[in-house]
Engineer: 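Before I ask anything, let me first share the structure, which is written out below as structure tokens.
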Amino acid sequence: MTSADQRPQTEDQPGSPPVADIARLADHVGQAVTVRGWVHHLRSSGKIRFLVVRDGTGLVQGVLVKGQLPDGDFQEFDRLTLESSLILEGLVRAEPRAPGGFELTVTRLEPLQIPQDYPIAPKEHGVGFLMDHRHLWLRSPRQQAILRVRDEVFRACRDFFHGQGFVLVDTPILTPTACEGTTSLFETDYLDRGKAYLSQSGQLYLEAAAMALGRVYCFGPTFRAEKSKTRRHLTEFWMVEAEAAFFTLEDIMGLAEGLVSYVVQEVLAHRGQELKILERDISPLEAAVPPFPRISYGEALARLNEGGQEMAWGEDFGGDEETLISQAFDRPVMVHRYPRQCKAFYMEADAANPELALCVDMLAPEGYGEIIGGSQRVADLEVLLTRLAEHRLPREPLEWYLDLRRYGSVPHSGFGLGIERLVAWLCGLKHVREAIPFPRLLDRLYP
RNA sequence: UCCCCGGUAGCUCAGCAGGUAGAGCGGGUGGCUGUUAACCACUUGGUCGGCGGUUCGAGUCCGUCCCGGGGAGCCA
């Protein structure tokens with residue numbers, strides 16, 4: 001847990017040993033320390049008692065031996081239950097029998113609060129039950145590990161873009177209209193000005209920012225009111241989106257490949273312990289180094305039809321098709337140049353074949369499906385106006401977007417990366433709902 | 001919105017051909033000086049999702065509604 005290295009210390013209590021993070025107990029062998037946290041596990045064997053304590057940095061087993069701490073404190077042990085909050089003082093010992101390698105001989109035990117009937121037991125639970133108790137489920141080692149991987153993904157994304165000269169530009173969450181028009185939006189009242197909608201993408205605003213700063217990205221929540229009920233869907237999810245002036249489709253594919261491979265390598269380098277807790281086979285992650293294979297929609301379609309999965313030209317791929325395509329490769333695959341008819345209005349047509357869009361989807365291996373969608377954007381005002389008409393989108397709310405084509409329009413491209421899908425793949429999760437602290441699903445708004 | 005599966009103790013589940021409610025875990029009590037989801041003994045624990053129907057009798061069969069899970073479409 002490298003992040004513990006720089007954790008600021010809180011004030012020690014007079015008369016008590018210094019407070020130590022469990023992750024740093026190695027630095028305190030032979031010393032008296034104070035540990036503050038929650039009871040993770042309890043065992044009693046007559047005159048010797050064990051409790052495993054969690055403090056957010058790790059787990060440590062405390063040993064209570066009668067005579068080595070006040071009798072009153074020893075008896076307090078019997079009142080403890082799972083998730084009791086407490087303060088322990090003790091002597092740090094190297095102990096080969098202990099999972100972390102260190103143990104605490106407890107010299108003082110002070111319960112802070114003792115729960116009755118903590119709902120989550122150290123046994124198997126159903127998904128529905130755990131989701132109802134998500135606020136408590138987060139305390140489990142597995143969920144902690146996922147959240148730490150997620151944190152690493154966020155950090156790595158920001159590092160990558162910063163290193164590539166991209167500027168973080170925050171796009172609005174409350175928007176006057178749809179970005180793409182096709183998907184359903186969450187609607188809300190906006191004071192006295194009618195309806196507002198929760199953003200389903202920062203892309204259009206990011207295009208404006210790219211015309212100011214060249215290379216930009218945004219990182220925020222995204223909302224889709226679709227009645228999707230699959231392992232790959234949330235109604236509220238996080239997306240990192242990039243947009244760069246003068247980038248072609250080829251440029252943006254290189255950027256997407258660079259981002260994903262960098263994030264994977266950072267997670268492998270810094271979150272190996274968490275991946276181990278998750279029992280993740282890391283060989284598919286280790287393989288995710290450039291170059292990622294690139295195939296066209298036409299090639300992908302041909303592969304599917306040869307494999308017996310009959311599909312007509314012009315249709316978008318579903319989850320099953322994505323899985324079949326990705327199974328042919330050992331790393332993420334980029335499928336480019338889909339038929340324009342199944343893609344969004346803002347995508348530039350391929351000059352070599354105007355029926356195709358200059359777009360790309362990156363499919364994660366192991367059936368995790370699309371993690372990135374990107375494209376080169378329409379740069380010409382007249383073309384864009386035609387597209388809006390074709391898609392029957394209202395022009396007035398997008399006049400500002402059209403301005404970008406009136407005032408110094410340039411070729412530009414961008415993509416969006418779904419964070420939860422990436423985290424789910426990295427962690428080997430069965431469902432994206434575990435990749436976000438408090439998932440919002442079709443039929444779930446609690447807790 | 002559509003298709004499939006499910007709802008029995010706090011949790012995970014079993015319940016035979018329709019005959020009147022079970023286990024493990026958890027909780028409680030006691031025992032044990034090195035336990036690793038400790039172990040042993042005893043004990044606590046139920047509106048069988050709701051409503052209606054068939055039947056002498058329904059957890060079990062039928063209808064319907066509610067809730068949960070999985071999948072499709074759409075998307076990241």
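None of these values were measured; they are calculated from a predicted model. Just so it is clear: chains get the letters A, B, ... in the order the sequence lines come, proteins before strands, and each one is counted from 1.
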Engineer: With under 30° as parallel and over 60° as perpendicular, where do the rings of A/F223 and A/F186 fit, or are they tilted in between?
Structural biologist: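 Correct class here is perpendicular.
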Engineer: Find the partner of B/U20: check Watson-Crick (N1-N3 plus N6-O4 or O6-N4) and G-U wobble (N1-O2, O6-N3) distances, both under 3.5 Å, and reply none if neither fits.
Structural biologist: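 The base-pairing partner of B/U20, which may sit in any strand shown, does not exist here.
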Engineer: Parallel, tilted or perpendicular for A/F161 and A/Y217, by the 30°/60° rule?
Structural biologist: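 Taking A/Y217 first and then A/F161, their aromatic rings lie parallel (interplane angle under 30°).
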Engineer: Exactly one of A/E366, A/E274, A/E286 should register a salt bridge (charged side-chain N to carboxylate O under 4.0 Å, His left out) with A/R280. Which one does?
Structural biologist: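 That would be A/E366.
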Engineer: Do the two ring centres, one from A/F317 and one from A/Y338, sit under 6.0 Å apart?
Structural biologist: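 So the answer is yes for these two rings.
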Engineer: Scan A/E103 against the nucleic acid and name what it touches under 4.0 Å (heavy atoms): base, sugar-phosphate only, or nothing.
Structural biologist: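 Since a base atom lies under 4.0 Å of A/E103, the category is base.
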Engineer: Salt bridge or not between A/R232 and A/E370? Use side-chain N to carboxylate O under 4.0 Å.
Structural biologist: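 Here A/R232 does not pair with A/E370 in a salt bridge, since their nearest N and O are not under 4.0 Å apart.
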Engineer: Between B/G6 and B/C48, how far apart are the C1' atoms? Round to whole Å, please.
Structural biologist: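 Going atom to atom, C1' in each nucleotide, I get 14 Å.
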Engineer: Any luck finding a side-chain donor-acceptor pair between A/S201 and A/E241 under 3.5 Å?
Structural biologist: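 A donor-acceptor contact under 3.5 Å links the two side chains.
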Engineer: Check every strand shown and say whether A/R49 touches a base, only sugar-phosphate, or nothing at a heavy-atom separation below 4.0 Å.
Structural biologist: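 No contact at all - A/R49 keeps every heavy atom at 4.0 Å or more from the nucleic acid.
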Engineer: Without decimals, in angstroms, what is the distance between A/K343 NZ and B/C74 P?
Structural biologist: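 Interatomic distance, NZ of A/K343 to P of B/C74: 11 Å.
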Engineer: So which protein N/O to nucleotides 64-68 of chain B N/O distances come out below 3.5 Å?
Structural biologist:
from, atom 1, to, atom 2, distance (Å)
B/G68, OP1, A/D443, O, 3.3

Engineer: Could you tell me how far apart A/Q68 (CD) and B/G34 (P) are, to the nearest whole angstrom?
Structural biologist: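 Answer to the nearest Å: 14 Å.
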Engineer: Return each pair, listed once, that meets salt bridge (Lys or Arg N to Asp or Glu O under 4.0 Å) where at least one residue sits in residues 110-121 of chain A; pairs must be two or more places apart or across chains.
Structural biologist: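 The answer is A/R108-A/E110.
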Engineer: Under 4.0 Å between any heavy atoms, over every strand shown, what does A/T222 touch: base, sugar-phosphate, or nothing? Just pick one.
Structural biologist: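 It contacts nothing in the nucleic acid.
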Engineer: On a whole-Å scale, what distance lies between the C1' atoms belonging to B/C65 and B/G71?
Structural biologist: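 Roughly 23 Å separates the two C1' atoms.
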Engineer: To the nearest Å, give me how far apart CD (A/E226) and P (B/A76) are.
Structural biologist: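 A/E226 atom CD is separated from B/A76 atom P by 8 Å.
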Engineer: At 4.0 Å (heavy atoms only), tell me whether A/L234 reaches a base, stays on the sugar-phosphate, or touches nothing.
Structural biologist: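 Base contact.
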Engineer: Looking across every strand, which nucleic acid part, if any, lies under 4.0 Å from A/R93 by heavy atom: base, sugar-phosphate, or nothing?
Structural biologist: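 Since a base atom lies under 4.0 Å of A/R93, the category is base.
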Engineer: Is A/F50 touching bases, backbone alone, or none of the nucleic acid, heavy atoms closer than 4.0 Å?
Structural biologist: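 Contact class for A/F50: base.
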Engineer: Pick base, sugar-phosphate or nothing for A/G369, based on heavy-atom distances below 4.0 Å to the nucleic acid.
Structural biologist: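 The answer is nothing, as A/G369 stays clear of every strand by at least 4.0 Å.
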Engineer: Do A/H133 and A/F129 make the cut of ring centroids closer than 6.0 angstrom?
Structural biologist: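 A/H133 vs A/F129: aromatic centres under 6.0 Å.
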Engineer: Does the side chain of A/L80 reach to within under 4.5 Å of the side chain of A/P111, using non-hydrogen atoms?
Structural biologist: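 The answer is yes; the side chains approach within 4.5 Å.
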Engineer: With nearest nucleotides of RNA chain B determined for A/I371 and A/V127 from heavy-atom distances, which residue corresponds to the more 5′ nucleotide?
Structural biologist: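 Closer to the 5' end of RNA chain B: A/V127.
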Engineer: Watson-Crick or G-U wobble partner for B/C32, using a 3.5 Å limit on both distances?
Structural biologist: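 Base-paired to nothing in any strand shown.
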Engineer: Please say whether the positively charged group of A/R224, taken as NZ for Lys or CZ for Arg, lies over the ring of A/F237, i.e. under 6.0 angstrom from the six-membered ring centre and within 45 degrees of the axis.
Structural biologist: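 A/R224 over A/F237 ring: no.
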Engineer: CE of A/M131 versus C1' of B/G69: gap in Å, rounded?
Structural biologist: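 It works out to 12 Å between those atoms.
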Engineer: Within the sub-3.5 Å range, which N or O atoms of nucleotides 43-50 of chain B have a protein N or O partner, and how far apart are they?
Structural biologist:
none

Engineer: Taking the P atom in each of B/G70 and B/C16, what is the distance between them to the nearest angstrom?
Structural biologist: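 After rounding to an integer number of Å, I get 27 Å for this pair.
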Engineer: Could you check whether A/Q116 gets within reach of a base, just the sugar-phosphate, or nothing at all, counting any heavy atom under 4.0 Å?
Structural biologist: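 Since no nucleic acid heavy atom lies under 4.0 Å of A/Q116, the category is nothing.
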Engineer: For the P atoms, the ones on B/G10 and on B/U44, what distance do you get once it is rounded to whole angstrom?
Structural biologist: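 Approximately 15 Å lies between the P atom of B/G10 and that of B/U44.
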Engineer: How many Å lie between CG on A/L442 and P on B/A76, as a whole number?
Structural biologist: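 In whole Å, B/A76 P lies 18 Å from A/L442 CG.
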Engineer: Mind checking if A/H40 touches a base, just sugar-phosphate, or nothing, with heavy atoms under 4.0 Å?
Structural biologist: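 The answer is nothing, as A/H40 stays clear of every strand by at least 4.0 Å.
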Engineer: Given the C1' atoms of B/G15 and B/G73, what is the spacing between them in whole Å?
Structural biologist: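 Nearest-Å result for B/G15 against B/G73 at atom C1': 39 Å.
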